[in-house]
Q: 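Starting off with a structure, shown below.
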Amino acid sequence: MPSSDVPSNWWRTAVIYEIYVRSFADGNGDGEGDLIGLRERLPYLRDLGVDAIWLTPFYRSPMVDGGYDVADYRDVDPLFGTLADFDAMLAAAHALDIRVIVDIVPNHTSSQHPWFTSALTAGPGSLERDRYIFRPASEEPPNDWESIFGGRAWTRTPDGEWYLHLFDPGQPDLNWDNADVRAEFESVLRFWLDRGVDGFRIDVAHGMVKEAGLPSVGHPQQIGLLGREPLPYFDQDGVHEIYRAWRKILDSYPGDRMAVAEAWASTPLRLARYVAPDELHQAFNFDFLAAPWSAAELRATIDACVEAADSVGAPTTWVLSNHDKARHVTRFGSPGIARAAALLMLALPGAAYLYQGEELGLPEVLDLPADARQDPVWHRSGGTDPGRDGCRVPLPWDASLPAYGFSTTGRSWLPQPDWASLAASSQQGVPSSFLELYRTALRLRRTFTGPLTWNDSPTDVLDFSRDGLRCVVNLSGAAVPLPTGSVVLASGDLPDGTLPPDTAVWLR
Ligand code: NOJ
């Protein structure tokens, strides 16, 4: 934890910046982002004004799913550096008052994890196989469950048994009824807490417990039900017992450590159960990310999420982009809307999660060549689903350098488009740029406190106040009169006392 701080529930209002480590900054010239490169860029994040960073997995991994296939939870993959590089990065971040959250992947391991390789060798009925979800040899798979990445969720081993993988076959699901599994993850949490991390982002936090008997869903296209309808492999009640145990571990450490769940539940109220006072601190709010650019839908989503979080005393969280979703400049189809959406999000009470590059206004890269793509979603769909590589293209730092300064040699594991005008160096100090909008917004948002109250407003205009702030966003197709008050920040021009369409303004 940053040395100057006393415990403060810092996470309740924090801006947390997601770093997809492989694509952030390359310190050794191999074209892959790493921990040394990240450490060198920490001053940029301090100047941006973030409170914390969340690092996607950098553990030993065959990289079948960008590191979400972990072969050793207690070591750094050579692609990203060493444990010493991690410690140096953590110390440097803390010296800048930036907290560090690491990803923990408890639903599945890599198929290269020693537990899984020994389970294959040990054979049917072994204690080793009981750590995973194996089922006896049969012609047909044990049930109709589908992989989130496409295709069925079961793969056969050479001896005929089936094993479950809700994601890639290289990511076998763990059996959380097995005591070894529970003990191992508690030990892994302690390993990173002892090193000084400030918290965890929990991958597939809704997935570890499966419905008893593994019943079939009964129909295909199950991924379409994610976050909407109950599924026998997600959001089972038994998962909460795990988080109650984890919360005790977090609370036993000094310094206000926290955990945020990547949880998909069928309603905001079911999601709120993950952030009960004796469980996790936060859960991502994917309803906000998924909401269309519509005043009615955004207001309904904001109200439902605030109400659900309030019901358990947890802060809401807001997110517009991450490493799994098309970047929101492209989703909304307009940089102007993306700027307005950012001011909306950053004015809301609670914590906000940014994804690297959104502060530069980066779009999704839609035209990556097929042979460059690495996402298993692309491969498992036979190329019909572009997958998530388009939001993972390495960042442009400096317009005048090869690979825009991402690496010292100009190499980049995914090709970058012409991003000279979007590079950080091109935006720095330019008042109308995305980067300066985000910097100013992050500085100002610290002065807003208190809950949100909606003001009367014209149709399709969102207008709310908090202590120190009024935020007005025009989602109607036409200009509206600018409300009275002094403008402290706007996402675009405000001609002749009006608020143009797709523009947001902060007033005092
Ligand atoms: C969610 C992560 O964000 C995603 O990138 C990953 O593929 C899956 N979980 C599986 O671990």
Side-chain angles (χ1 to χ4, degrees), residues 16-24 33 53-71 73 77 101-113 116 132-133 145-151 153 155 164-174 176 185 188 200-208 210 222-223 226-227 231 233-235 239 259-265 271 274 280 282-286 289-290 317 319-327 353-356 364 373-381 385-393 414:
I16 301 172
Y17 182 96
E18 179 191 353
I19 295 189
Y20 194 77
V21 181
R22 194 177 184 190
S23 303
F24 188 67
I53 52 179
W54 145 35
L55 275 53
T56 54
F58 48 79
Y59 315 111
R60 277 196 187 260
S61 165
M63 298 292 285
V64 166
D65 181 21
Y68 283 95
D69 47 319
V70 181
Y73 289 86
D77 195 277
I101 294 169
V102 298
D103 224 305
I104 182 151
V105 188
N107 180 66
H108 44 263
T109 69
S110 160
S111 55
Q112 301 299 309
H113 190 286
F116 194 74
Y132 293 89
I133 303 178
W145 294 3
E146 293 173 348
S147 157
I148 307 300
F149 291 163
T155 288
L164 177 70
H165 52 85
L166 292 180
F167 295 88
D168 190 82
Q171 296 167 295
D173 277 53
L174 285 160
W176 274 82
F185 277 90
V188 168
F200 299 95
R201 177 265 188 192
I202 302 167
D203 188 60
V204 199
H206 53 301
M208 286 114 90
K210 278 78 180 173
Q222 296 161 14
I223 193 173
L226 190 59
L231 284 166
Y233 41 84
F234 283 152
D235 191 31
V239 84
V260 54
E262 185 229 4
W264 293 81
L271 186 63
Y274 291 78
L280 305 173
Q282 296 180 342
F284 291 130
N285 174 358
F286 295 120
L289 184 151
T317 66
V319 60
L320 286 167
S321 280
N322 65 30
H323 67 283
D324 291 329
K325 298 287 172 197
R327 285 184 175 277
Y353 281 81
L354 308 183
Y355 176 50
Q356 66 180 37
E364 184 80 357
R373 291 186 184 271
Q374 302 211 8
D375 188 356
V377 171
W378 159 264
H379 294 292
R380 283 179 69 89
S381 71
D385 185 328
R388 303 162 297 177
D389 292 311
C391 65
R392 300 175 177 180
V393 173
L414 282 174

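Quick caveat, the model's predicted, so the values are computed rather than measured. One-based numbering, in listed order, for ligands and for the atoms of each.
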Q: Which of the numbered atoms in ligand 1 are below 4.0 angstrom from a heavy atom of His108?
A: 10 (C), 11 (O)

Q: Note the single closest protein heavy atom to atom 5 (O) of ligand 1, along with its residue, its atom name and the distance in Å.
A: Asp324 OD1, 2.7 Å

Q: Write out the residue and atom name of the closest protein heavy atom to atom 7 (O) of ligand 1, then the distance separating them to 0.1 Å.
A: Asp65 OD2, 2.6 Å

Q: Can you list the atoms of ligand 1 that are under 4.0 Å from a heavy atom of Arg388?
A: 4 (C), 5 (O), 6 (C), 7 (O)

Q: Mind checking whether Phe185 and Trp176 have parallel, tilted or perpendicular rings, split at 30° and 60°?
A: tilted

Q: State which residue, out of Tyr274, Phe284, Phe234, fulfils the ring-ring contact (aromatic ring centres under 6.0 Å, His included) condition with His206.
A: Phe234

Q: Which class fits the ring pair Trp54 and Tyr353: parallel under 30°, tilted 30 to 60°, perpendicular over 60°?
A: perpendicular

Q: Hey, is the main chain of Val393 close enough, under 3.5 Å, to the side chain of Ser23 for a donor-acceptor pair?
A: no

Q: Shortest non-hydrogen contact from Lys210 to Gly207?
A: NZ-O, 2.8 Å

Q: Which residue supplies the protein heavy atom nearest to atom 1 (C) of ligand 1, what is that atom called, and how far is it?
A: Asp203 OD1, 2.9 Å

Q: Which atoms from ligand 1 have a heavy atom of Phe149 less than 4.0 Å away?
A: 7 (O)

Q: Is Gln112 reaching over with its side chain to a backbone N or O of Ala71, donor-acceptor style, under 3.5 angstrom?
A: no

Q: Going by the atom numbers of ligand 1, which of them fall below 4.0 Å from some non-hydrogen atom of Val204?
A: 9 (N)

Q: Can you tell me if Arg201 contacts ligand 1 (heavy atom of the residue under 4.0 Å from the ligand)?
A: yes

Q: Would the distance check show the side chain of Tyr73 and the main-chain N or O of Ile104 forming a donor-acceptor pair, the cut-off being under 3.5 Å?
A: no

Q: With heavy atoms only and a cut-off of under 4.0 Å, state how Trp264 meets ligand 1: side chain, backbone, both or neither.
A: neither

Q: Can you tell me how the ring of Phe24 sits relative to the ring of Tyr17, calling it parallel under 30°, perpendicular over 60° and tilted otherwise?
A: perpendicular

Q: Going by the order shown, which atoms of ligand 1 are within less than 4.0 Å of some heavy atom of Phe167?
A: 8 (C), 10 (C)

Q: Could you establish whether Arg392 and ligand 1 come within less than 4.0 Å of each other, counting only heavy atoms on the residue side?
A: yes

